[in-house]
Number of protein chains: 2
Amino acid sequence: MATKASPKKTSPKVSPAAPRKRSAAGERGRGLSLSRERIAAAAMALVDREGLAALSTRRLGEELGCEAMSIYHHYPNKAHLMDALIDLMLGQAQVAMEPQWDWRERLRRAAHGFRAMALRHPAFFPFFAVHRLNTRAGVAYIDGIIGILREAGFSDREAATYFREIGYYLTGAALDETAGYAKGPSSAEPVSNETIAVHFKHLAAAAPYFQPAHFQATFETGLEILIAGIEHSRQGQD
Amino acid sequence: MATKASPKKTSPKVSPAAPRKRSAAGERGRGLSLSRERIAAAAMALVDREGLAALSTRRLGEELGCEAMSIYHHYPNKAHLMDALIDLMLGQAQVAMEPQWDWRERLRRAAHGFRAMALRHPAFFPFFAVHRLNTRAGVAYIDGIIGILREAGFSDREAATYFREIGYYLTGAALDETAGYAKGPSSAEPVSNETIAVHFKHLAAAAPYFQPAHFQATFETGLEILIAGIEHSRQGQD
DNA sequence: GCTCAAACCTTACAGCGTAAGCCTGATTTC
DNA sequence: GAAATCAGGCTTACGCTGTAAGGTTTGAGC
């Protein structure tokens with residue numbers, strides 16, 4: 001089967017001297033070769049630049065200067081690669097905790113770190129949001145946040161409950177702020193501004209405060225309500 | 001009229017007596033013919049039954065007893081169909097408001113209605129969550145919630161802010177409760193329970209409270225914190 | 001120089017959304 | 001009653017997707 005049995009015995013496809021995109025052949029085992037880290041970084045860069053829909057194995061291979069299937073040598077399938085992107089992203093949510101901060105300040109910083117992470121990769125966050133964090137890094141992150149609450153003196157049950165409630169808020173907020181970036185190639189045409197102005201007065205009046213300029217303030221007041229509410233729940237208890 | 005007209009006179013492709021799946025030919029213009037409503041309902045049923053990934057035009061056509069392309073006669077593309085599903089779902093979030101309820105009770109009921117809607121179609125909600133509600137029904141729904149806050153005496157700015165904050169919470173909560181249903185065909189293997197027990201003590205201790213049995217209580221306490229916080233913000237203001 | 005495994009490439013396949021065009025039966029019009 | 005129109009389907013085909021299967025190159029170790 002090794003014999004080509006066709007007139008084009010040597011010239012494979014187009015030009016025999018076609019230069020490899022991957023610079024020189026000798027670099028394969030070197031720094032420029034593929035690796036899990038380089039693949040994940042390129043994938044995230046591609047998503048950041050062109051959106052989630054642009055991330056296909058072929059397109060990513062193009063970006064890396066290799067064929068699509070070469071990626072499968074480092075990740076068994078695309079789902080594993082996506083998990084690596086989630087981990088990559090989650091690493092950017094980490095905030096160094098100063099020892100003098102109390103639990104409220106720690107929660108506040110962690111929350112802002114999470115939001116900053118989402119805003120750094122707005123096109124990827126919607127994917128992040130709908131996938132459970134069950135990688136090791138994800139579990140470690142969750143454990144850390146719960147630890148803040150436990151060290152503050154909350155019970156296991158309280159820590160679990162308040163962790164979730166804050167997580168709900170953070171996920172929803174980041175999703176809302178990044179939703180515009182995630183849309184696929186096409187969707188139905190939106191309702192026109194004129195229609196809103198005529199038929200939906202409440203929304204029309206509130207619309208200015210839905211602009212990105214207000215995102216930060218909205219996020220912060222809601223977060224403070226939650227933290228204050230959590231604190232208050234403990235004071236009312238003991 | 002019940003004559004099957006079985007031997008197709010032209011016999012185009014394979015077997016001349018191939019019976020149409022769509023029962024009788026005469027039913028085309030009748031109640032069993034396609035319509036936007038029937039297509040959307042079948043699509044939602046399919047997603048409920050087999051998950052988001054199962055919803056393809058071909059599969060849906062199979063479900064409806066027609067070819068995939070027939071759907072395009074009623075929806076210009078799949079994005080429009082998905083928008084119809086969003087509207088269909090959103091209709092189930094509506095709650096009849098009693099006049100004697102104050103704004104807190106109204107918000108509470110609306111929030112529970114939203115959650116119930118998500119839980120009725122857990123496999124579809126993750127799609128719902130990452131798409132903006134810019135259909136007419138979606139805009140009307142938003143307008144209604146903002147109206148509750150405006151009628152309660154909040155300013156446009158406050159109404160916009162609190163609407164969003166509650167929306168963040170609701171989206172995140174519903175997403176978390178439904179996330180397990182949305183996963184595609186395959187994903188990376190999760191972290192084992194033994195690993196969690198050994199390395200992540202806080203999470204292991206909190207794990208019992210992450211079970212579905214606690215979802216409702218967690219949701220409610222968080223919601224009450226938000227509503228109380230919103231109420232408190234007004235009292236501190238005037 | 002030979003062997004071998006890792007790293008990468010080629011080919012192929014089933015399934016996706018959908019553009020383009022065809023066919024058919026019911027309704028409308030004369 | 002016959003012809004014309006047209007909504008409501010069907011068929012085919014195209015470029016895309018993830019990935020299974022197997023072939024080819026490369027450098028290291030002997």
Side-chain angles (χ1 to χ4, degrees), chain A residues 1-6 8-14 18 20-36 38-39 43 46 50-62 64-82 184-187, chain B residues 1 3-5 8-14 18-36 38-39 43 46 50 52-62 64-82 184-187:
Chain A
M1 184 50 82
T3 61
K4 286 280 183 73
S6 89
K8 40 188 287 188
K9 51 173 61 174
T10 50
S11 70
K13 273 289 168 289
V14 219
R20 287 296 170 93
K21 282 179 192 167
R22 205 186 52 252
S23 53
E27 280 173 342
R28 214 182 230 176
R30 293 267 161 49
L32 262 187
S33 70
L34 292 183
S35 70
R36 288 176 61 89
R38 194 164 88 88
I39 292 171
L46 179 58
E50 304 184 23
L52 246 188
L55 178 55
S56 72
T57 53
R58 281 172 242 261
R59 184 77 177 76
L60 180 56
E62 207 173 287
L64 288 162
C66 72
E67 294 301 311
M69 292 308 292
S70 303
I71 295 163
Y72 285 80
H73 209 87
H74 302 266
Y75 291 98
N77 54 46
K78 202 187 178 187
H80 275 74
L81 169 59
M82 298 311 272
S186 72
S187 178
Chain B
M1 58 130 339
T3 59
K4 285 288 193 68
K8 303 194 63 176
K9 48 181 66 173
T10 53
S11 88
K13 277 288 165 280
V14 216
R20 284 298 168 97
K21 283 179 190 167
R22 206 187 52 252
S23 52
E27 279 174 343
R28 215 182 230 174
R30 291 269 159 48
L32 262 189
S33 70
L34 292 185
S35 69
R36 288 176 60 90
R38 194 164 87 89
I39 292 171
L46 178 58
E50 303 185 24
L52 247 187
L55 177 55
S56 73
T57 53
R58 283 170 242 259
R59 184 77 178 74
L60 180 55
E62 207 173 287
L64 288 162
C66 72
E67 294 300 313
M69 293 308 292
S70 303
I71 295 164
Y72 285 80
H73 230 276
H74 302 265
Y75 291 98
N77 54 48
K78 200 186 180 188
H80 275 75
L81 170 60
M82 299 310 272
S186 71
S187 180

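Sequence lines set the chain letters: A, B, ... in the order given, protein chains first and strands last, and positions in each chain run from 1.
Nearest nucleotide to the A/Met69 side chain, out of D/dG18, C/dC8, C/dC9: C/dC9. Side-chain atoms of B/Thr57 lie closest to C/dG17 of the nucleotides C/dG17, D/dT11, D/dA20.
Note: OH (B/Tyr72) to P (D/dC10) measures 14 Å, nearest angstrom. Atom CG in B/Leu46 sits about 11 Å away from atom P in C/dC16, given to the nearest Å. Going from atom CE of B/Met82 over to atom P of C/dC16 covers 14 Å, rounded to whole Å. Going from atom CZ of B/Arg38 over to atom C1' of D/dG8 covers 13 Å, rounded to whole Å. Between the CD atom of B/Glu62 and the C1' atom of C/dG15 there is a distance of 13 Å, rounded to whole Å. As a whole-Å value, the separation of B/Leu52 CG from C/dG15 P is 19 Å. Between the CD atom of B/Glu67 and the C1' atom of C/dC22 there is a distance of 14 Å, rounded to whole Å. As rounded to whole Å, 14 Å separates atom C1' of C/dC16 from atom CZ of B/Arg59.
Under a 3.5 Å cut-off, the side chain of B/Arg58 and the backbone N or O of B/Ala68 do not form any donor-acceptor pair. No donor-acceptor pair under 3.5 Å is formed between the side chain of B/Arg36 and the backbone N or O of B/Tyr75.
Note on A/His73: a side-chain N or O is less than 4.0 Å away from OP1 or OP2 of C/dA7. Applying the 4.0 Å criterion to OP1 and OP2 of C/dG15, one finds that B/Ser56 has every side-chain N and O outside that range. Regarding contacts with the backbone of C/dA6, every side-chain N or O of A/His74 stays at 4.0 angstrom or more from both OP1 and OP2. Here A/Ser70 reaches the OP1 or OP2 of C/dC9: one of its side-chain N or O atoms lies under 4.0 Å away.
By the 4.5 Å heavy-atom criterion applied to side chains, A/Leu81 and A/Leu60 are counted as neighbours. Using a 4.5 Å cut-off on side-chain heavy atoms (C-beta onward), B/Leu34 and B/His73 make no contact.
Judged by distance alone with a 3.5 Å cut-off, no donor-acceptor contact links the side chain of B/Arg58 to the base of C/dG15.
Nucleic acid contact class of A/Leu60 (heavy atoms, under 4.0 Å, all strands): none.
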Note to self: Applying side-chain contact (heavy atoms from CB on, under 4.5 Å) to A/Ile71 and A/Leu64, what does each step give before you reach the verdict?
What the structure shows: CA-CA 9 Å; A/Ile71 295 163; A/Leu64 288 162; 4.3 Å; yes

